[in-house]
Amino acid sequence: MEKTENPILKAYSKENLPEMYQVLAPNGEIIESIDGKIDKSLMLKMYESMLLLRMFDRKSVNLQRQGRMGTYAPFEGQEASQIGSAFALSAGDWMFPTYRDHAAAIIHGQEMYRVFLYWMGHVEGSICPEGKRTMPPCVPIATQMVHAVGTAWASKLKGEENVSIAYFGDGATSEGDFHEALNFAGVYKTPTIFFCQNNGYAISVPFEKQSASKTISQRADAYDIHGVRVDGNDIFAVWLTVKEAVERALKGEGPTLIEAITFRYGAHTTADNPNIYRNQEDISTFWRENRDPITRLKKLLINKGFWNEEQEEMVLKQISEQIDTHLQKAEEYPKADPLDMFNHVYAEESWHINEQQQELKQILKKDVKK
Amino acid sequence: MEKTENPILKAYSKENLPEMYQVLAPNGEIIESIDGKIDKSLMLKMYESMLLLRMFDRKSVNLQRQGRMGTYAPFEGQEASQIGSAFALSAGDWMFPTYRDHAAAIIHGQEMYRVFLYWMGHVEGSICPEGKRTMPPCVPIATQMVHAVGTAWASKLKGEENVSIAYFGDGATSEGDFHEALNFAGVYKTPTIFFCQNNGYAISVPFEKQSASKTISQRADAYDIHGVRVDGNDIFAVWLTVKEAVERALKGEGPTLIEAITFRYGAHTTADNPNIYRNQEDISTFWRENRDPITRLKKLLINKGFWNEEQEEMVLKQISEQIDTHLQKAEEYPKADPLDMFNHVYAEESWHINEQQQELKQILKKDVKK
Amino acid sequence: MSQHLTMIQAITEAMDQKLGQDDRVMILGQDIGVNGGVFRSTEGLFEKYGKDRVVDTPLAEAGIIGSAIGLALNGMVPVVEIQFLAFIYPGFEQIVSHAARMRYRTRGQFGVPLVIRTPYGAGIRGPELHSESVETFFAHTPGLKVVAPSNPYDAKGLLISAIEDPDPVIFLEPTKLYRAFKEEVPKEMYRIPIGQAKVVQEGSDLTIFAWGAMLREALNAAKKIENEKGWKCEVVDLRTLYPLDRDTIVKSIKKTGRGLVVHEAHKSSGLGAEIISIINDEALIYLKAPIKRVTGFDVPVPQFSVEDHYLPTVERIKQGIMETISF
Amino acid sequence: MSQHLTMIQAITEAMDQKLGQDDRVMILGQDIGVNGGVFRSTEGLFEKYGKDRVVDTPLAEAGIIGSAIGLALNGMVPVVEIQFLAFIYPGFEQIVSHAARMRYRTRGQFGVPLVIRTPYGAGIRGPELHSESVETFFAHTPGLKVVAPSNPYDAKGLLISAIEDPDPVIFLEPTKLYRAFKEEVPKEMYRIPIGQAKVVQEGSDLTIFAWGAMLREALNAAKKIENEKGWKCEVVDLRTLYPLDRDTIVKSIKKTGRGLVVHEAHKSSGLGAEIISIINDEALIYLKAPIKRVTGFDVPVPQFSVEDHYLPTVERIKQGIMETISF
Ligand SMILES: Cc1ncc(C[n+]2csc(CCOP(=O)(O)OP(=O)(O)O)c2C)c(N)n1
Ligand SMILES: Cc1ncc(C[n+]2csc(CCOP(=O)(O)OP(=O)(O)O)c2C)c(N)n1
Ligand SMILES: [Mg+2]
Ligand SMILES: [Mg+2]
């Protein structure tokens with residue numbers, strides 16, 4: 001069985017490093033000054049958020065295994081990309097995440113119990129808190145990218161100071177919608193940020209089978225828009241890059257395409273077995289040991305005396321409780337009422353849907369009687 | 001009324017010239033050696049073909065005006081692009097033209113009377129001569145580009161020495177299919193030639209509204225494939241460029257994206273009024289006087305003593321007769337039988353189509369009786 | 001105040017008035033700005049409202065419809081023109097997987113007030129793929145509404161309703177009728193409710209259901225048959241194709257006991273099938289004969305030299321009526 | 001020789017045998033190579049036939065289907081896997097405007113022998129857009145054939161026929177049945193003709209029409225109703241959804257006089273409507289009651305916690321039967 005070499009290791013290799021923006025090296029050293037840009041409190045917030053969301057992700061995988069949740073798409077390994085980018089946004093910004101971007105969504109205001117509900121197949125799993133613009137996870141690949149052009153365009157037309165950010169993967173860059181979105185954003189100079197997490201794989205397909213192009217960021221040139229390549233496991237670099245893109249967008253300088261090099265440690269979804277298409281053990285261990293986004297920040301924090309194991313233990317306990325609270329909320333959430341499926345198809349009622357709702361109501365009554 | 005500046009004039013301006021490959025200057029001078037590459041007989045063939053197809057195109061526009069043909073999409077001004085590229089092909093190569101690429105198609109073996117039939121709305125207007133691979137004009141924009149990936153891929157798999165060429169316009173580069181085609185061709189290194197006639201407009205929309213990117217050829221870099229920009233009104237440059245692309249393709253070096261800068265003198269189709277969106281008079285006159293593909297070759301031929309007005313007159317007469325013969329053939333072609341519409345939906349017969357055919361047959365019989 | 005307008009003029013006026021009245025309304029599409037639309041349906045609007053509200057877009061339907069969805073999410077009311085119905089396919093995913101589902105999946109939190117206008121139907125000697133009539137695709141997609149006017153008056157009133165509708169509306173404009181005739185159209189804004197069919201002509205012997213360009217064929221056939229045979233057909237203009245106005249359909253059939261559907265679309269799984277099924281559900285015992293379908297055939301819409309034979313003709317409709325009445 | 005296979009195994013075997021027998025056959029799709037398909041339908045084929053014949057493609061459905069059209073034009077026989085039916089939309093234009101029309105517009109000069117396989121239907125607790133059943137879109141498109149097997153035996157025989165068919169076939173595989181049960185499947189190649197329905201169970205009181213995953217629900221309901229009421233239902237597996245096997249449909253209804261269609265798709269303009277219309281055309285006077293539709297509702301296929309209520313259930317089918325018989 002041919003197992004393809006990990007293309008991400010190539011991306012991380014020396015030749016490619018020069019074009020990949022990095023601030024916090026894997027060994028925890030700062031290799032580019034962040035003075036006046038990232039202070040202790042932000043570092044700690046970033047760190048604790050990554051811890052929280054890693055725990056959340058692991059919990060979710062477990063819940064799926066226990067049959068308490070449906071298929072789930074884990075993001076472990078990609079925390080720096082998702083959290084670093086989301087930290088750079090303002091509350092009113094529009095976020096278009098995929099099925100894997102719960103860390104980004106949660107940082108941007110989505111609630112953990114909603115994410116649980118989403119994967120429990122609850123009809124109310126796609127709502128975000130009132131007033132927020134954290135859109136439901138997008139399932140059809142790359143389709144959300146054009147939405148982020150539209151919302152950003154509207155912000156611009158209305159003179160509102162908001163950006164729109166679309167999350168997507170390396171695989172998504174093959175879809176026509178990727179192209180159309182970047183092109184439209186270029187034409188209308190919309191304040192859109194295209195944030196690609198290049199984790200090297202679209203399910204089993206390595207990026208080298210996805211395209212002959214070496215990088216994703218180079219595609220920005222095709223539209224004369226700005227493109228950047230960044231170490232997606234370096235939360236500082238990600239944050240700084242997205243912050244700059246936000247500023248550029250708000251100054252009217254148009255969209256940015258960001259390629260964040262990262263890796264998912266686990267399966268594509270809980271329905272996937274990565275051992276079939278890559279040396280899962282080797283490759284994940286390699287990444288965990290050499291590139292982990294959390295470990296490297298921890299090293300820095302400890303070096304700087306900002307953090308110690310006691311604090312870690314305490315925070316982990318808090319996090320665990322916090323997640324449990326959300327889980328409880330999700331599991332105690334009123335069970336989805338089948339009759340709900342007839343609501344919100346349209347803003348106004350329609351005879352055919354009403355009748356079908358009545359029809360099911362009768363059936364359900366009968367079921368209860370039995 | 002805002003009339004947008006002609007973006008093609010910009011493309012032709014000094015700053016852009018360096019990146020546009022040119023061999024035969026508009027004044028008829030050879031600015032790059034063609035020794036051993038283009039001989040007299042080829043020059044004459046090219047010239048006479050351009051004359052023929054310009055006459056064909058004008059005839060078609062007239063036929064539409066006289067009500068003898070339906071809407072027609074003229075290509076006058078684009079002869080060098082279409083004919084130069086088609087001359088570079090071998091008989092067995094696959095050609096995927098659009099509704100505007102009849103000059104290319106006819107050079108590649110399509111017959112003029114078929115093109116007339118096509119625009120007369122005849123059911124048999126899309127057939128090409130037996131054994132040829134000149135596909136029907138493609139109407140949905142950019143969709144043929146992926147076909148040319150597929151046919152080329154099959155040639156490669158079968159070890160056949162043929163390329164596939166897709167024709168498309170500047171507008172087509174905005175469609176997702178453009179992107180998917182280039183990306184696929186890059187991945188499978190298919191012997192495909194993507195030949196873009198950038199005539200500056202997609203109907204009324206100038207390229208500057210189509211994309212923020214300055215050129216189309218630069219998009220090749222996004223897929224790490226080869227890209228070239230060429231003076232599309234210079235038949236030598238076009239021919240040499242496509243020939244090189246063919247060689248590259250057959251050597252297994254993959255696809256080429258060619259951007260040929262050209263201009264349509266007339267309307268988008270006979271249903272279009274270009275005066276609404278551009279200074280049609282000024283701009284077409286400018287192009288005719290300064291950039292015409294036929295005039296510049298004629299200048300060269302006359303300078304070299306290969307051509308004179310007598311010859312021209314004679315050839316024009318022959319051409320006129322040739323076109324008339326085809327027109328006659330088209331007009332005398334058996335009228336489309338309405339019952340034909342039920343044939344070739346499937347290779348095999350189906351009850352529902354057979355019955356509907358019978359139904360119409362009855363109706364038609366009745367009509368005749370009346 | 002009233003005026004005589006063609007359908008295309010009525011459509012332009014509806015957009016003009018909504019653009020004038022509501023800042024959130026935008027028009028997007030290919031060649032709809034400077035050029036005023038390939039059918040001139042947006043003539044004058046670019047000059048009047050400027051490039052930010054009447055937008056010449058790149059040639060990319062997924063991009064147009066997808067970014068219009070984003071615009072709609074963020075407070076705008078986009079009206080998209082797709083140049084011909086068959087060119088909607090590149091944006092099909094955006095319509096079916098997003099526009100139609102956004103309200104549903106967010107439980108009403110986000111809606112998509114989007115109108116997609118597009119010329120449809122045959123009979124204009126158009127090239128390939130310029131004459132399709134695939135309303136079924138949209139009428140099978142919950143979350144969408146589908147509208148098809150048959151005259152200038154309805155076109156204006158329905159388009160204003162569509163633009164004001166909080167949900168996505170596919171607005172099918174019968175190309176053949178754009179300039180076919182003029183009609184009295186009030187100058188002021190008015191609305192024709194989406195979801196309501198109209199009994200255009202009362203009758204007692206048979207009901208003809210039609211819409212768009214086929215309505216006139218239906219009326220012509222009805223007139224001829226009345227002259228020739230004395231039978232009185234009721235003619236129903238469906239106007240909204242999804243959701244259908246069941247009550248009007250059923251009421252008419254209960255009265256006449258006989259029916260015939262005329263549509264341009266292919267017969268198999270065309271909208272006629274749904275109309276017949278509604279009648280089967282609600283009025284089977286009233287039926288004196290099978291409901292006949294006189295439709296486009298189950299072949300690709302053919303090249304224009306034979307398109308008139310693809311389309312339902314007065315002759316075919318008449319024959320359908322005779323077969324139904326003499327069943 | 002015979003063996004017990006699941007439907008997915010039967011499908012793999014059909015592809016394996018055609019790949020082995022015919023050099024022109026190629027498999028293309030996302031994750032179908034090294035990974036063996038997200039449902040493992042191509043397991044082992046990459047190893048056996050190599051990367052040129054079992055191709056992991058980029059994530060782009062128009063690219064996949066469009067280049068497959070090109071491959072087909074130039075002598076190959078591509079079998080495309082689309083990962084889930086809803087993800088076919090980006091390639092919809094390629095299917096409708098090209099694959100379905102190429103033979104027609106070239107008057108038989110160029111055909112597109114292409115198969116597009118895709119899992120469809122609900123009931124697997126899939127995320128959003130993993131459970132669609134939009135066969136109507138394809139059954140309304142002349143030039144396409146649409147097939148949906150309900151068991152391993154048919155799946156193998158129909159897929160071999162589809163691969164050998166000179167025209168494009170949309171091959172819908174009921175996800176829920178992939179591993180639901182095993183069945184005797186001959187080892188050798190065999191064909192089940194496209195276009196032929198099958199009477200799975202004879203009966204006299206009412207005919208149930210179903211296909212794909214709904215066939216088993218129909219059979220279960222029929223059994224229950226027989227136990228409870230003694231009524232004998234005839235059950236017809238349509239197998240080919242376009243073109244429909246009218247003769248089998250009509251013959252059965254003429255015998256039973258009562259009918260019921262079960263499908264997962266939305267009711268409005270679902271295939272049930274076409275079946276009813278065929279019966280209306282051919283057998284109206286045989287009808288003792290309206291043909292009932294027990295279908296998915298006219299709402300987006302909902303999130304999986306309530307999908308079982310979206311789907312036709314044995315209970316709903318039984319109730320439909322009772323209403324029809326006591327009409
Ligand atoms: C249009 C479409 N085609 C196919 C799929 C099935 N699918 C789901 S995720 C996925 C891979 C996506 O890869 P990538 O974009 O790299 O994102 P990642 O999963 O790695 O985060 C595929 C093929 C889909 N959801 N939508
Ligand atoms: C998918 C699709 N959308 C829209 C159209 C309508 N249309 C026909 S030609 C055209 C402009 C094409 O411009 P370009 O690609 O530059 O080619 P040109 O006509 O200039 O040769 C448009 C929008 C179409 N045919 N297909
Ligand atoms: Mg990925
Ligand atoms: Mg052009």
Side-chain angles (χ1 to χ4, degrees), chain A residues 1-4 70-71 73 99 118-126 136-137 139-143 169-177 202-205 209-211 268-269 271-273 276-278 335-343 345 350 352-353 356-357 359-360 362-364 366-367, chain D residues 29-40 43-44 46-47 50-51 55-64 66 83-84 86-87 89-91 93 124-130 266-268 294-310 313 315-316 318-320:
Chain A
M1 155 104 49
E2 171 187 335
K3 273 187 200 163
T4 48
T71 308
Y99 49 85
Y118 181 81
W119 292 108
M120 287 168 179
H122 199 289
V123 293
E124 296 190 348
S126 282
V139 169
I141 300 295
T143 54
D170 43 302
T173 63
S174 295
E175 289 280 7
D177 282 5
I203 309 186
S204 73
V205 180
K209 284 192 181 186
Q210 201 66 244
S211 179
H268 168 73
T269 69
D272 167 58
N273 175 7
I276 299 176
Y277 54 81
R278 65 189 191 191
K335 252 188 74 181
D337 180 349
L339 295 176
D340 261 3
M341 81 172 92
F342 301 95
N343 301 324
V345 182
S350 174
H352 68 305
I353 294 178
Q356 292 176 12
Q357 190 175 30
E359 189 188 322
L360 183 58
Q362 294 308 318
I363 295 270
L364 293 175
K366 254 184 150 177
D367 281 359
Chain D
Q30 295 154 12
D31 307 291
I32 58 106
V34 178
N35 196 38
V38 292
F39 284 104
R40 326 223 55 68
E43 196 159 16
F46 179 81
E47 291 75 10
K51 69 173 178 42
V55 187
D56 273 325
T57 62
L59 210 177
E61 289 75 9
I64 300 171
Q83 212 156 68
F84 287 89
F87 305 143
Y89 300 141
E93 180 177 39
I124 51 152
R125 294 170 64 83
E128 294 177 281
L129 291 170
H130 284 67
H266 314 301
K267 183 175 187 178
S268 290
V294 179
T295 69
F297 296 113
D298 284 316
V299 307
V301 183
Q303 290 81 353
F304 71 73
S305 66
V306 297
E307 71 176 339
D308 290 343
H309 296 283
Y310 168 83
T313 54
E315 190 51 48
R316 276 173 63 202
K318 266 177 55 191
Q319 177 149 329

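Treat the numbers as computed from the prediction; the structure is a model and nothing was measured. Order of the sequence lines sets the chain letters (A, B, ...), proteins ahead of strands, with each chain counted from 1.
Within the 4.5 Å cutoff, the side chain of V34(D) has heavy atoms near those of the K209(A) side chain. H309(D) places a side-chain heavy atom less than 4.5 Å from the side chain of L364(A). Looking at K366(A) and Q319(D), their side chains come closer than 4.5 Å, going by heavy atoms from C-beta outward. Looking at L59(D) and Q210(A), their side chains come closer than 4.5 Å, going by heavy atoms from C-beta outward. Taking 4.5 Å as the limit, some side-chain heavy atom of E359(A) sits within range of a side-chain heavy atom of F297(D).
Of the listed residues I203(A), V139(A), D177(A), T173(A), the one with more heavy-atom pairs under 4.5 angstrom with chain D than any other is I203(A). Note on R316(D), Q30(D), H130(D), K267(D): by heavy-atom pairs under 4.5 Å with chain A, the leading option is R316(D). Of the listed residues (H122(A), H268(A), Q362(A)), the greatest number of heavy-atom pairs within a distance under 4.5 Å of chain D belongs to H122(A). Chain D forms more heavy-atom pairs under 4.5 Å with one residue of Q357(A), H352(A), E175(A) than with any other, namely E175(A).
Looking at T143(A), there are no atoms closer than 4.5 Å to chain D (heavy atoms on both sides), in backbone or side chain. Looking at D337(A), the atoms closer than 4.5 Å to chain D (heavy atoms on both sides) all sit in the backbone: N, CA, C or O. For I141(A), the part sitting under 4.5 Å from any heavy atom of chain D is the side chain, from C-beta outward, and nothing else. E307(D) does not touch chain A: none of its heavy atoms, backbone or side chain, sits under 4.5 Å away. For T57(D), the part lying near chain A is the backbone, with the side chain staying farther off; criterion is any non-hydrogen pair under 4.5 Å. Interface residue Y310(D): backbone and side-chain heavy atoms are both found under 4.5 Å from chain A. Neither the backbone nor the side chain of A142(A) has a heavy atom closer than 4.5 Å to any heavy atom of chain D. For a residue to count as touching a neighbouring chain, one of its non-hydrogen atoms must lie under 4.5 Å from one of that chain's; by this rule Q83(D) touches chain A with the side chain only. Contacts of P136(A) with chain D are absent, with no heavy-atom separation under 4.5 Å from either backbone or side chain. Heavy atoms closer than 4.5 Å to chain D are found in both the backbone and the side chain of M341(A).
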As a quick check of understanding, evaluate side-chain contact (heavy atoms from CB on, under 4.5 Å) for D340(A) and V306(D), giving each step before the final call.
CA-CA 9 Å; D340(A) 261 3; V306(D) 297; over 6 Å; no
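Here the side chain of D31(D) pairs a donor or acceptor atom with the backbone of S204(A) at under 3.5 angstrom. Q303(D) contributes no side-chain N or O that, together with a main-chain N or O of E124(A), makes up a donor-acceptor pair within less than 3.5 Å.
Checked against ring pair (Phe, Tyr, Trp, His ring centres under 6.0 Å), Y118(A) has no partners two or more places apart in sequence or in another chain.
In plain terms, the two heavy atoms of S126(A) and E128(D) that are nearest each other are OG-OE1, 4.2 Å. The heavy-atom pair separating S174(A) from A60(D) by the smallest distance is O-CB, 3.3 Å. Considering all non-hydrogen atoms of both residues, W119(A) and P127(D) come closest at CZ3-CG, 4.3 Å.
To the nearest 0.5 Å, atoms OG (S268(D)) and CD (Q356(A)) are separated by 6.5 Å. To the nearest 0.5 Å, atom OG1 of residue T313(D) and atom CG of residue L360(A) are 8.5 Å apart.
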